[in-house]
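Heads up, the thing below is written out as structure tokens.
When a residue number appears, it is its place in the shown sequence, counting from 1.
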Amino acid sequence: MISAQDRLCDYSDGNWIYDPNVKSERYDDSCKEIFKGWNCISGNKSNALELIKWRWKPRRCDLPSFDPIKFLEKYRDTNIGFIGDSLNRNMFVSLFCTLKRVSIEVKKWRPAGADRGFTFLQYNLTIAYHRTNLLARYGRWSANAAGGVLEKLGFKEGFRVDVDIPESTWVDAPSFHDIIILNTGHWWWAPSKFDPQKSPMIFFETGQPVMPPIPPVVGLDMVLKNMILYLEERTRPGAIKFFRTQSPRHFEGGDWDQGGSCHRMQPLSSEQAEELFSVKNNGTNVEARLVNQHLYKALKGSHFQILDITHLSELRADAHPSTAGGKKHEDCMHWCLPGITDTWNDLFIEHLNNVKVRS
């Protein structure tokens, strides 16, 4: 499902262009929804004010900054749901702050089980964020004294992941939202959370353990297949569904818990990005491209639009909070706000408008 405009333009192929005259028209560090750790201006990150001076320029077309008033007018009486991990919250907050700057009458609530939600009352436009790390339901699992198939294999504890059951935080979201932006990925490559030895992911389907036990990469494929199907069957008539590709991390010199850092002050060149992210090099940040391989395979033949933010984000090693806000570990995964997720929203709204024109 690609529009004529999208066919003419590969928005993911381009360069970051520095424009010293850019002033932030969207929002500033006073937007209260910005999580303290992402507020790089008030966190005194030295290049925080420079971040907004970089503009993404696709090679064969332009990607304009979206106009928040026109957006509110066009999508009056619409519900928009971001479903996914904290990187989708990063994007949700960027959109909220941009809209709040031009429309201050807002009702705060939690529609359809959302973690956060706001309705812009003048336009009856609602945006909500549904937090879910794996999309699927998961929770602690411990061996049963009475024994079972997992116990016989020596499993003592771990995390039970039901590949065919969505997490309760978003189970009602498909019937509420008109536009959905979905993501998953970071938690699937998180040995500090799901230690393969001490607390492995243990996959269940139709209430029973999947036998023989499968590794997380196979579990991810099963979850994607089931969750995409769940959404396809339950979204409102005419709903528009996006799956956002993986957001890259920029840890250099080790992972987040091994002293990894992100101190760059400029975007990377394509060659530097290739060095950091190439699957062949299998470095610290390889997960972005690995996750995308699974996403593209799962989305084939679905009614989802793919929101490809990976390559343009790979170049922005300068745009993470790093040590801003006084963190114990450097944050080279989330993004400063204002910052690059503003461009993700430009891209999302450009695609959305193209889909609307077509339908």
Side-chain angles (χ1 to χ4, degrees), residues 15-18 24 28-29 34-56 84-91 93-94 133 183-196 244-292 309-344:
N15 294 297
W16 287 99
I17 293 168
Y18 185 73
S24 177
D28 58 26
D29 59 324
I34 302 175
F35 185 58
K36 182 187 169 196
W38 305 342
N39 197 329
C40 296
I41 298 172
S42 65
N44 296 317
K45 188 172 191 238
S46 62
N47 69 336
L49 293 168
E50 291 291 292
L51 296 179
I52 56 161
K53 295 179 181 175
W54 291 93
R55 185 173 60 81
W56 180 248
D85 58 34
S86 54
L87 274 298
N88 248 13
R89 181 174 176 183
N90 226 172
M91 186 179 174
V93 173
S94 157
N133 296 330
N183 101 289
T184 191
H186 289 286
W187 287 70
W188 292 90
W189 265 259
S192 57
K193 172 77 173 170
F194 304 114
D195 184 295
R244 179 178 61 67
T245 63
Q246 186 68 350
S247 174
R249 310 178 316 149
H250 289 90
F251 286 97
E252 296 186 71
D255 212 329
W256 70 273
D257 54 350
Q258 298 155 354
S261 63
C262 42
H263 295 161
R264 292 180 187 260
M265 292 289 125
Q266 301 274 326
L268 301 175
S269 67
S270 292
E271 293 72 32
Q272 288 171 317
E274 204 48 42
E275 185 69 26
L276 265 190
F277 295 104
S278 138
V279 172
K280 195 172 76 227
N281 291 351
N282 197 30
T284 303
N285 307 291
V286 73
E287 77 178 34
R289 295 188 184 183
L290 290 177
V291 167
N292 283 352
I309 55 83
T310 305
H311 176 64
L312 66 91
S313 307
E314 281 180 348
L315 302 172
R316 296 305 305 274
D318 58 319
H320 297 285
S322 183
T323 55
K327 294 179 197 69
K328 185 176 156 201
H329 298 289
E330 289 204 28
D331 185 352
C332 306
M333 178 167 83
H334 300 100
W335 303 98
C336 293
L337 291 173
I340 189 175
T341 49
D342 303 335
T343 302
W344 293 7

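Side-chain contact check for Leu337 versus Asn39: every heavy-atom pair is 4.5 Å or farther apart.
Partners of Arg316 by salt bridge (Lys or Arg N to Asp or Glu O under 4.0 Å), not counting sequence neighbours, listed by chain and number: Asp318. Under the rule for a side chain to side chain donor-acceptor pair (under 3.5 Å), the partners of Ser322 that lie at least two apart in sequence or sit in another chain are Glu330. With sequence neighbours excluded, the residues forming a side chain to side chain contact (heavy atoms under 4.5 Å, CB included) with Asn292 are Thr245, Gln246, Leu295, Tyr296, Thr310, listed by chain and number.
Between the side chains of Glu50 and Tyr18, at least one donor N or O lies within less than 3.5 Å of an accepting N or O.
Although no hydrogens or angles enter the test, the distance criterion places no donor-acceptor pair under 3.5 Å between the side chain of Ser261 and the main chain of His263.
Aromatic rings of Trp16 and Trp56 (six-membered ring for Trp) have centroids within the 6.0 Å cut-off, being under it. For an aromatic pair to be called close, the ring centres must be under 6.0 Å apart, and Phe251 with His320 fails this.
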Assess whether side chain to side chain contact (heavy atoms under 4.5 Å, CB included) is satisfied between Trp38 and Val93, documenting all intermediate values.
-> CA-CA 10 Å; Trp38 305 342; Val93 173; 4.3 Å; yes
When you look at Trp344 and Ser313, which way does the side-chain hydrogen bond (donor to acceptor under 3.5 Å, both in side chains) test go after all the steps?
-> CA-CA 9 Å; Trp344 293 7; Ser313 307; 3.0 Å; yes
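Interatomic distance, CD of Glu314 versus OG of Ser270, reported as 9.5 Å (0.5 Å rounding). Note that OG of Ser94 and CH2 of Trp335 are 13.0 Å apart. Values are rounded to the nearest 0.5 Å.
The residue from Asn133, Thr184, Asn183 that alone fulfils the side chain to side chain donor-acceptor pair (under 3.5 Å) condition with Asp85 is Asn183.
The two atoms that bring Lys45 and Cys336 nearest to each other are CD-SG, 3.9 Å, heavy atoms only. Of all heavy-atom pairs spanning Cys262 and Asp331, the tightest one is SG-O, 3.7 Å.
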